[in-house]
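In each ligand, atom 1 is the first atom listed, and ligand 1 is the first ligand listed. Position 1 is the first residue of the sequence; numbering continues from there.
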Amino acid sequence: MSDIYPVPEEWAKRARLDAAGYEKMYGLSLADPGSFWLEQARRLDWIKRPELAGDWSFDEEDFHISWFADGKLNVAANCIDRHLKKRGAATAIIWEPDDPDMAPIRLSYLELHREVCRFANVLKAQGVRKGDRVTIYLPMIPEAAFAVLACARIGAIHSVVFAGFSPEALAGRITDCDSTVCITADEGRRGGRRTPLKANVDAAAGHAPALEKVIVVQSTGGDVTMTEGRDIWYHEAAADVSDDCPPEPMDAEDPLFILYTSGSTGKPKGVLHTSGGYLLWASLTHELCFDYREGEVFWCAADIGWVTGHSYILYGPLANGATTVMFEGVPNWPDASRIWQVVDKHQVNTLFTAPTALRALMKDGDEYVKATSRASLRLLGTVGEPINPEAWRWYHDVAGDGRCPIIDTWWQTETGGAMIAPLPGATDLKPGSATRPLPGIDPQLVDPDGNILHGATQGNLVIARSWPGQMRTVWNDHARFFETYFTTYKGKYFTGDGCRRDEDGYYWITGRVDDVINVSGHRMGTAEVESALVAHPRVAEAAVVGMPHAVKGQGIYAYVTLNAGCEPGEELRGELIKWVRSEIGPIATPDALQFAPGLPKTRSGKIMRRILRKIAENDVSSLGDTSTLADPAVVDDLVENRVVHA
Ligand code: WTA
């Protein structure tokens with residue numbers, strides 16, 4: 001039995017949707033999707049209003065997905081221009097710097113309009129046209145928002161690469177989408193430390209022959225080397241452009257952005273989202289999940305390098321005319337009070353963050369929370385990984401003083417926005433459950449053979465029909481898109497997640513069932529870490545699995561077999577860990593690395609990851625049947641020399 005937190009009475013009264021309202025809306029969305037979605041489409045400002053809603057099939061013979069295909073709009077105009085008359089002077093973005101002693105910046109919608117137009121004109125002057133790919137490798141500074149929206153304004157496709165990724169990883173992403181322009185800054189600033197972003201781009205450029213232009217934003221004033229003919233200072237280029245740039249009319253199905261994410265195999269894939277359906281989904285889910293009201297301050301504490309930042313720092317809130325907070329820093333620097341100090345400083349009404357951040361803050365003690373007021377908060381959201389009930393309760397009882405509903409949103413880069421989540425005025429909460437599907441979302445649980453499971457049960461989570469925010473393809477690899485998501489269970493979108501449904505129809509995500517791990521809410525393919533390890537001259541073979549981690553949710557556990565003649569040792573262990581960091585980025589740093597003379601393989605040579613996972617979990621009493629292994633003796637060595645962690 002789990003405990004239930006009923007909808008607070010004032011929420012049932014004041015929210016847009018109460019329980020009956022949700023049931024009605026959900027029922028309609030599935031019963032008559034055509035008229036339901038055309039009606040919902042009215043929330044956007046269309047140049048040509050669509051008469052077509054969803055047109056899709058997940059079957060191989062007729063595979064296609066499109067939404068509002070005859071509609072025309074511009075996403076940036078929806079996020080900015082249409083608000084100018086009614087709320088031009090209202091604050092669009094509050095920027096809070098890393099250093100608490102530096103002044104924050106508040107930008108009105110009018111100012112945002114001007115900045116985005118200027119950025120768009122700079123891009124145009126550099127030859128960027130509709131459909132071109134622009135890589136954005138920026139820290140969390142206002143220019144990141146300008147750059148993203150400038151691309152949307154002129155119809156260029158942005159590909160934001162998280163500023164924590166290595167030059168290697170950046171080069172791969174630039175090359176995969178043939179991006180000729182990269183926007184970066186001299187340096188990034190986070191938690192009092194600086195990252196040499198421009199130098200990283202310089203290093204990446206060597207492996208990214210497509211790159212022609214680098215636009216550099218001056219942020220910290222740190223030293224950089226500018227390459228004649230390739231590198232341009234943004235402030236110089238912006239000095240003589242106009243601050244008017246008419247938005248480009250786009251088809252609803254024209255691409256809006258590519259965002260690279262990790263899968264279970266191969267290199268990261270470029271998830272492609274299009275204009276109309278994505279924006280509708282970001283905007284609708286932002287309004288429903290957070291019951292956003294005019295004048296409120298909304299803070300999604302993610303980075304724009306991830307989908308959460310795309311949908312809930314920028315597109316969703318701005319489409320809804322909200323005031324959105326962009327935070328350059330980290331929640332626990334200079335100390336664990338920072339996140340709550342920012343809440344007080346900017347009178348934040350809704351805070352949306354990841355369980356890993358909560359677990360880290362929780363560990364530091366309640367006094368950091370209690371030293372602040374937090375009276376402005378009315379809703380608390382979480383995203384990115386399963387939230388353990390203990391962290392949920394701490395968020396609810398300590399951070400929210402028991403007043404604020406917890407909105408646990410389950411979704412993915414691929415889904416564009418929240419899919420399973422409570423609505424504050426409609427859904428009773430259960431700690432650890434993302435609760436129930438949003439309108440239009442038809443989740444099913446299936447067994448490994450694809451049989452649909454009914455009632456209270458556990459299985460693999462699939463989505464049985466399309467929704468507007470669904471990704472449309474993997475950039476440059478439509479076959480991989482179909483193969484990855486629609487072949488495991490024919491005719492359905494497979495999420496890669498396992499899930500339990502309880503007797504009340506509540507969904508409890510249990511985590512990935514594929515070779516993707518979730519480290520501090522960041523998605524990591526084990527295959528990516530493995531290929532980084534085997535790129536080291538002394539490594540013959542590597543296998544990587546997830547392991548439980550008290551703060552990160554999952555940590556990275558690597559098994560490494562060295563080349564003949566190479567001796568394992570502490571020094572080499574340290575070197576390999578550093579190697580992975582520099583190949584991919586700090587988020588891929590292995591938490592444990594075990595030298596393994598051999599890996600457990602079947603006679604056909606397949607690594608038995610099940611056994612490696614168990615050892616990494618320190619659960620060695622139930623390794624299961626090892627008799628089918630080519631050499632069962634390797635398991636004894638692995639168990640004996642396992643890295644036991646806290
Ligand atoms: C996991 C992040 C449980 C899940 C928006 C999913 C979650 C993956 C939740 C996608 C949640 C995300 N509860 N698990 N509320 N939200 N996940 O693409 O495993 O970075 O498949 O998108 O994160 O990660 P991604």
Worksheet item: Which bit of V516 gets closer than 4.0 Å to ligand 1, counting heavy atoms only: side chain, backbone, both or neither?
Response: neither
Worksheet item: Ion pair present between E328 and R190, side-chain N to carboxylate O less than 4.0 angstrom?
Response: no
Worksheet, complete the sentence: Numbered in order shown, the ligand 1 atoms found under 4.0 Å of a heavy atom of V383 are 5 (C)
Worksheet item: Is E23 paired with R436 through a side-chain N to carboxylate O contact shorter than 4.0 Å?
Response: yes
Worksheet item: Under 6.0 Å from the CD atom of E390, do we count more than 12 heavy atoms belonging to anything else shown?
Response: no
Worksheet item: Are D477 and K269 close enough for a salt bridge, meaning some N to O gap below 4.0 Å?
Response: no
Worksheet item: Would you say T308 and ligand 1 have an N/O pair spaced under 3.5 Å apart?
Response: no
Discussion item. Between D515 and R613, does any side-chain N to carboxylate O distance fall below 4.0 Å?
Written reply: yes
Item to complete: Would you check whether T382 has a nitrogen or oxygen atom less than 3.5 angstrom from a nitrogen or oxygen atom of ligand 1?
Response: no
Worksheet item: Salt bridge between E414 and R472, side-chain N to carboxylate O under 4.0 Å?
Response: no
Discussion item. Check K430 with D502, please: is the shortest side-chain N to carboxylate O separation under 4.0 Å?
Written reply: yes
Fill in: atom 24 (O) of ligand 1 - nearest protein heavy atom and its distance
R523 CD, 3.4 Å
Discussion item. Please report whether ligand 1 has a polar contact with T261, defined as an N or O pair separated by less than 3.5 Å (distance criterion only).
Written reply: no
Worksheet entry | Proximity winner for atom 13 (N) of ligand 1, if only heavy atoms of H522, E385, Q554 are counted | E385
Worksheet entry | Structural part of T413 in contact with ligand 1, heavy atom criterion under 4.0 angstrom | both
Worksheet item: Between the candidates D514, I387, D497, which shows the shortest non-hydrogen contact distance to atom 21 (O) of ligand 1?
Response: D497
Worksheet item: Who's the nearest protein heavy-atom neighbour of atom 2 (C) of ligand 1, and how far?
Response: W411 O, 4.0 Å
Worksheet item: Does T495 reach ligand 1 with a nitrogen or oxygen that is under 3.5 Å from one of the ligand's nitrogen or oxygen atoms?
Response: no
Discussion item. At less than 4.0 angstrom from any non-hydrogen atom of D408, what atoms of ligand 1 do you find?
Written reply: 11 (C), 15 (N)
Worksheet, complete the sentence: protein heavy-atom neighbour closest to atom 16 (N) of ligand 1 works out as G384 N, 3.1 Å
Practice prompt. For P386, take its heavy atoms, then give the atoms of ligand 1 lying under 4.0 Å from any of them.
Written response: 3 (C), 13 (N), 14 (N)
Worksheet item: Are a donor atom and an acceptor atom from the side chains of D497 and W410 found within less than 3.5 Å of each other?
Response: yes
Practice prompt. Considering the heavy atoms of N518, write down every atom of ligand 1 situated less than 4.0 Å from one of them.
Written response: 1 (C), 23 (O)
Worksheet item: According to the interplanar angle, ranging from 0 to 90°, do the rings of H273 and Y278 count as parallel (below 30°), tilted (30 to 60°) or perpendicular (above 60°)?
Response: tilted
Discussion item. Can you tell whether the side chains of E168 and K267 come within less than 4.0 Å, N to carboxylate O?
Written reply: no
Worksheet item: Considering only heavy atoms of T409, which atoms of ligand 1 have at least one such atom less than 4.0 Å away?
Response: 9 (C), 11 (C), 15 (N), 16 (N)
